[in-house]
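Notes to accompany the following structure.
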Amino acid sequence: MSAAASAPTGGEVLLRAERLERRFGGLTAISDFSFELREGEILGLIGPNGAGKSTTFNLISGFIRPSSGRLVVMGRDVTGASAMTISRLGLVRTFQHNSLLSEMSVIDNILIGTYHHRSGHERRMEKVREVAGMTGLTDHLKAIAGNLPHGLQRMLSIAIALAAEPRILCLDEPLTGLQGAEVGAALDLFEALRTTHGLTILLVEHNMRAVMRACDRVIVLNYGRLLAEGSPEAVSRDEAVIEAYLGRGR
Ligand SMILES: Nc1ncnc2c1ncn2[C@@H]1O[C@H](COP(=O)(O)OP(=O)(O)OP(=O)(O)O)[C@@H](O)[C@H]1O
Ligand SMILES: [Mg+2]
C-alpha cells in the first residue's frame, strides 16, 4: 500500500496524482508519490533541496512525462498530456528560476500569459491591466522586465501565470529574494487570489514562516517520496520532518 496524502473534506478534487514516478537515467527523482489538491485550498509542498518539488511541478504541468503513475486534472486523465492541454484545463505554474523575457516590456511579458485566449487584442490588454493591478505592476507596464527590481520581477512571473486565467496556480518558490514587506504583500496576494478570485494554490517554498502562515495543509517530500502530510503545525512538529528537513531549533 502506498502512502497517499489525503486531502481535507470539502472542495472538489481538482488535481490528483496517483503513484507518480519519474526516473532520469539511473536516478529516481519521484517515487510512489500520491496526493490530492482540493478546490479552494492552499497546499504547501516542502522538502530539502533536490527532494523533487520542481520535478513534481514539471510533471503535473505537462513539461515532462511521468515514468509511471497517473495524473488527473479537473476530472480528466492527463497522464502524458502536453503542457498546453493542461494549462487550457486551468493548471498553470510559475518557474523557480527567472523565466521572464528580460529585454521585453512588462506588457509584452504578461501578454504571453494570454496566448491561449481566443479573444482579440483589446480583451487581452484588459487582462494585462487587471493582473498588473493585482500584482502591483500598474505603474510599471512600459518598463523593460529586466530593469525591474527583483521583487517586481517575481510579481511579474505571477502576473504572467494569472493572465492565463488558471483555476490551479502552482508557485515554485515565489518568495525567494523578497524583502520582509514584500513577503507580507505576496502572502496577502495569495490569500486574495484564493478568497476573491477562487483560485486553488500549490505552493513550493522554503520560507517556513510563510508556509505556516499561508497554507491550510502541507505535504513533505524527501528523496522523491512522501514523508509526511498534515496541518502546517503538525508537520513542523513531525520528528521525521525535523530530522530530514527542518532541523532542530527551527
Ligand atoms: N531534467 C533532469 N535531468 C536529470 N536529473 C534531474 C532533472 N530534473 C531534476 N533532476 C534531479 O531530480 C532531483 C530532484 O530535483 P528537483 O529540482 O525536483 O528538486 P527540488 O525539490 O525542486 O529542489 P530545490 O529545493 O533545490 O529547488 C535532483 O536530484 C535533480 O538533480
Ligand atoms: Mg526546485
Side-chain angles (χ1 to χ4, degrees), residues 2-5 15 17-35 37 42-71 73 78-83 86-87 91-100 150 153-158 160-161 168-178 183 186-187 190 201-215 217-230 232 235-236 238 240-247 250:
S2 66
L15 164 67
E18 293 174 9
R19 307 203 66 175
L20 280 187
E21 178 166 307
R22 173 65 202 207
R23 296 185 294 272
F24 294 110
L27 172 84
T28 303
I30 294 292
S31 188
D32 199 14
F33 184 30
S34 301
F35 68 95
L37 178 65
I42 301 183
L43 175 65
L45 172 58
I46 65 170
N49 295 121
K53 304 177 298 294
S54 296
T55 302
T56 300
F57 270 30
N58 288 336
L59 287 167
I60 64 179
S61 59
F63 281 76
I64 60 174
R65 291 171 181 215
S67 306
S68 64
R70 190 164 169 262
L71 269 173
V73 171
V78 293
T79 317
S82 69
I86 293 175
S87 70
L91 186 153
V92 177
R93 56 85 62 92
T94 64
F95 292 85
Q96 179 172 355
H97 302 291
N98 193 341
S99 58
L100 303 176
H150 175 79
Q153 292 196 21
R154 298 303 282 175
M155 285 296 120
L156 180 53
S157 331
I158 296 175
I160 296 168
I168 302 173
L169 179 62
C170 302
L171 299 167
D172 197 349
E173 301 197 25
L175 308 177
T176 305
L178 298 194
V183 170
L187 295 183
F190 304 160
I201 297 177
L202 180 59
L203 174 67
V204 166
E205 192 41 65
H206 284 290
N207 178 336
M208 273 308 286
R209 268 200 197 172
V211 168
M212 299 286 289
R213 192 180 133 193
C215 298
R217 193 164 66 92
V218 175
I219 50 182
V220 187
L221 263 182
N222 191 35
Y223 294 111
R225 288 179 175 271
L226 181 68
L227 179 69
E229 182 271 335
V235 159
S236 64
D238 186 300
V241 177
I242 292 169
E243 194 63 43
Y245 180 48
L246 298 178
R250 263 175 91 158

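Every value quoted in this text rests on a predicted model; they were computed, and no experiment measured them. For ligands, and for the atoms within them, numbers begin at 1 and follow the listed sequence. In this chain, residues are counted from 1 in sequence order.
- A heavy-atom separation below 4.0 Å is found between H206 and ligand 1.
- Side-chain contact check for I46 versus L221: every heavy-atom pair is 4.5 Å or farther apart.
- Q96 and S54 share a side-chain donor-acceptor pair at under 3.5 Å.
- The local environment of OH in Y223 is sparse, with at most 12 non-hydrogen atoms from other residues, nucleotides or ligands closer than 6.0 Å.
- Taking only nitrogen or oxygen atoms, main chain and side chain alike, A29 does not reach within less than 3.5 Å of ligand 1.
- With hydrogens left out, the protein atom closest to atom 1 (N) of ligand 1 is F24 CE2, 3.5 Å, a heavy atom.
- Summarising the geometry of A161 relative to T94, their closest heavy-atom pair is CB-CG2, 3.9 Å, with the distance given to 0.1 Å.
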Evaluate R225 against D32 for side chain to side chain contact (heavy atoms under 4.5 Å, CB included), listing each step before the verdict.
CA-CA 7 Å; R225 288 179 175 271; D32 199 14; 4.0 Å; yes

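- Of the N and O atoms on the side chains of N98 and R154, not one donor lies less than 3.5 Å from an acceptor on the other residue.
- Using a 4.0 Å cut-off to heavy atoms of N49, the atoms of ligand 1 that qualify are 23 (O), 24 (P), 25 (O), 26 (O).
- Ranking the protein heavy atoms by distance from atom 14 (C) of ligand 1 puts G50 O, 3.3 Å first.
- Salt bridge status for E21 with R23: present, with a side-chain N to carboxylate O gap under 4.0 Å.
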Take C170 and V92, measure what side chain to side chain contact (heavy atoms under 4.5 Å, CB included) needs, and give me the verdict at the end.
CA-CA 6 Å; C170 302; V92 177; over 6 Å; no

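- At under 3.5 Å, not a single nitrogen or oxygen of G47, backbone or side chain, sits near a nitrogen or oxygen of ligand 1.
- Contact annotation for atom 25 (O) of ligand 1: protein present (non-hydrogen atoms, distance under 4.0 Å).
- Below 4.0 Å from some heavy atom of S54 lie the following atoms of ligand 1, by number and element: 17 (O), 18 (O), 20 (P), 22 (O).
- Closest to atom 16 (P) of ligand 1 among all protein heavy atoms lies T55 OG1, 3.6 Å.
- For the Mg ion (ligand 2), the count of nearby protein N/O/S atoms, taking only those under 2.8 Å, is 2.
- Residue-ligand proximity, L27 to ligand 1, at heavy-atom distances under 4.0 Å covers atoms 11 (C), 12 (O), 29 (O).
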Let me see the working for L246 and D238 under side chain to side chain contact (heavy atoms under 4.5 Å, CB included), right down to the final yes or no.
CA-CA 10 Å; L246 298 178; D238 186 300; over 6 Å; no

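- The backbone N or O of V220 lies less than 3.5 Å from no partner atom in the side chain of K53, so there is not a single donor-acceptor pair.
- Figure legend: cation-pi geometry between R93 and F63, with NZ or CZ positioned under 6.0 Å from the six-membered ring centre and within 45° of its axis.
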